[in-house]
Amino acid sequence: MEHFLSERINKLSTSQTLAMAALARELKAQGKDIISLSLGEPDFNTPDFVKEAAKKAIDDNYSTYTPVDGYADLKEAICRKFKRDNNLDYKPANIVVSTGAKQSLYNIAQVMLNDGDEVILPAPYWVSYYEIIKMAGGIPVEVPTSVETDFKITPEQLEKAITPKTKMIWYSSPCNPSGSVYNREEMTALAQVLEKHPSIFVVADEIYEHINFSGTFCSIASIPGMFERTITVNGVAKAFAMTGWRIGYIGAPEFIAKACTKMQGQVTSGANSIAQRATIAAVDADPKVLQHMVEAFHRRRDLVVGLVKQIPGFKLNVPEGAFYVFPDISYYFGKTLRGKLINNADDFSMYLLSEANVATVTGDAFGNANCIRFSYATSEDLLTEAMKRIKESVS
Ligand code: PMP
Ligand code: GLU
């Protein structure tokens with residue numbers, strides 16, 4: 001019956017992060033003892049002060065449609081956050097609040113891209129960038145990196161990838177899936193390349209900004225000359241353990257913010273009222289309130305990196321942020337494990353699911369076919385057990 005569906009949907013790939021999470025859930029429901037390291041989602045509860053703000057919003061009857069671009073006082077709070085954390089001088093007219101950073105990204109692609117426009121994606125990139133760009137008629141242009149270079153692109157690589165058709169570059173730092181963080185020096189070197197190409201716009205996805213152990217963070221919009229052509233994407237899902245609340249936002253040049261507002265005005269209207277009220281409390285809070293979660297992620301990072309290094313054939317960078325490790329497992333390609341031939345990262349990820357009962361995501365989904373991704377946003381006990389099972393399954 002698929003032929004009744006549009007070509008657009010038939011050409012779209014399923015989100016592999018969500019698909020793997022669903023498969024892990026299904027196997028668990030069948031009674032299998034699966035450890036799911038597939039979905040990138042904090043295992044903490046949303047902080048109490050955020051929950052209180054949401055409860056108050058219900059009691060205060062925040063129950064009607066919201067302004068399409070977000071409540072005015074939330075947009076003001078987001079401007080304060082951008083100033084406090086990123087030294088960026090956005091005004092409320094630059095801000096659009098959306099139903100998750102995913103919708104922010106979707107809006108951007110829809111309002112910026114024409115058919116055939118090229119978008120540079122340093123690979124590995126977050127799984128949905130590729131399809132969101134494709135859906136808008138854009139052409140993703142992958143710039144490969146590897147574990148040896150900490151999965152970061154160089155200015156030379158960026159320069160080489162630019163063509164007359166290049167419209168944008170999209171990246172996340174800290175990066176999902178590699179955990180790499182571009183410091184100010186590296187970011188400035190990339191900005192210097194872009195300086196020579198003033199019509200290229202940047203999507204800086206900073207959703208993992210606070211989950212960063214490197215002691216360095218750089219918003220590209222804070223580099224002279226970049227503010228007017230950067231769209232800074234952020235949200236509360238990761239830092240505040242609010243994945244289900246579905247609030248993301250952008251800081252962008254006003255004409256882009258207006259266009260994104262027009263776009264979502266026809267598709268979803270303003271984001272959820274209660275979640276927006278709760279987000280005011282979140283973005284206004286001193287980031288120190290997140291310290292216990294960041295410290296836990298840091299400990300888990302050290303634990304997982306230590307354990308992965310003991311697994312034969314796994315090559316690993318030390319991720320500086322987010323909550324993923326992205327080992328290169330290409331050592332196993334062409335080898336047979338327990339009678340199963342491993343041809344690629346998809347095979348390896350499925351092997352770990354069936355033989356180690358550990359759910360991961362293939363690196364293919366993120367534009368690097370030599371790697372697989374583990375999310376370490378789960379308890380130290382489960383992480384230790386998962387790494388033990390993986391090690392046994394390949395020994
Ligand atoms: N960007 C990156 C890099 C992500 O990992 C995610 C994960 N969900 C998103 C954007 C989307 O965030 P949200 O849940 O706010 O839609
Ligand atoms: N961003 C998370 C991940 O990469 C959540 C899944 C998703 O939004 O696709 O796993």
Side-chain angles (χ1 to χ4, degrees), residues 12-25 36-43 46 50 70 78 96-109 121-133 151 169-182 202-212 217 231-250 260 264 267-268 271-272 275-276 278-279 282-283 297 319-326 349 359-368 371-378:
L12 187 73
S13 307
T14 301
S15 162
Q16 294 205 47
T17 43
L18 301 183
M20 199 53 166
L23 181 57
R25 240 179 257 133
S36 184
L37 307 184
S38 55
L39 199 60
E41 134 160 283
D43 57 335
T46 301
V50 176
I78 290 169
V96 182
V97 179
S98 298
T99 301
K102 210 176 228 176
Q103 188 187 24
S104 304
L105 292 161
Y106 182 81
N107 286 341
I108 295 164
L121 290 183
Y125 45 78
W126 182 47
V127 57
S128 291
Y129 293 171
Y130 195 93
E131 295 297 320
I132 286 175
I133 290 164
F151 297 108
I169 169 170
W170 288 30
Y171 70 87
S172 60
S173 175
C175 174
N176 177 4
S178 70
S180 308
V181 179
Y182 287 91
V202 180
V203 168
D205 183 342
E206 302 184 349
I207 199 159
Y208 293 99
E209 167 188 18
H210 293 302
I211 305 170
N212 183 350
F217 178 75
I231 304 157
T232 308
V233 177
N234 212 322
V236 287
K238 311 292 170 173
F240 291 90
M242 292 173 70
T243 46
W245 296 68
R246 311 305 306 128
I247 297 288
Y249 55 86
I250 58 167
C260 289
Q264 73 185 24
V267 183
T268 49
N272 175 284
Q276 283 199 56
T279 299
V283 294
F297 286 130
E320 303 257 46
F323 35 64
Y324 309 99
V325 287
F326 197 60
S349 179
T360 59
V361 184
T362 170
D364 227 6
F366 306 93
N368 185 318
C371 298
I372 56 169
R373 189 190 80 172
F374 305 141
S375 159
Y376 58 81
T378 192

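Note that the structure is a prediction, hence the values are computed from the model and not measured. Ligands are counted one by one from 1 in listed order, and the atoms in each one are counted from 1 as well.
The shortest N or O to N or O distance between Arg246 and ligand 1 is below 3.5 Å. On a distance-only criterion, Lys238 and ligand 1 share at least one N/O pair closer than 3.5 Å.
In this structure, ligand 2 sits under 4.0 Å from heavy atoms belonging to Ser15, Thr17, Leu18, Leu39, Gly40, Lys102, Trp126, Asn176, Lys238, Tyr324, Arg373.
Judged as a salt bridge (charged side-chain N to carboxylate O under 4.0 Å, His left out), and not counting sequence neighbours, the contacts of Glu209 are Lys81.
The shell of residues lying under 4.0 angstrom from ligand 1, judged by heavy atoms, includes Asp205. For the pair Gln103 and ligand 1, no heavy-atom separation below 4.0 Å is found.
Taking every heavy atom of both residues into account, Lys102 and Ile132 meet most closely at O-CD1, 4.1 Å.
A donor-acceptor contact shorter than 3.5 Å is absent between the side chain of Ser98 and the backbone of Gly248. Although no hydrogens or angles enter the test, the distance criterion places no donor-acceptor pair under 3.5 Å between the side chain of Glu131 and the main chain of Ser15.
The side-chain heavy atoms of Ser173 and Asn212, taken from C-beta on, include no pair separated by under 4.5 Å. Looking at heavy atoms from C-beta onward, Tyr106 lies out of side-chain contact with Val267 at the 4.5 angstrom threshold.
Between Tyr208 and Phe323, a ring centre-to-centre spacing shorter than 6.0 Å is recorded.
Taking all heavy atoms of Ala101, Pro174, Ala322, Ser173 into account, the minimum distance to atom 15 (O) of ligand 1 is reached by Ala101. Looking at Tyr171, Tyr129, Trp170, Tyr208, it is Tyr208 that brings a heavy atom closest to atom 5 (O) of ligand 1. The closest heavy-atom contact to atom 6 (C) of ligand 1, among the options Tyr106, Trp126, Phe323, comes from Trp126.
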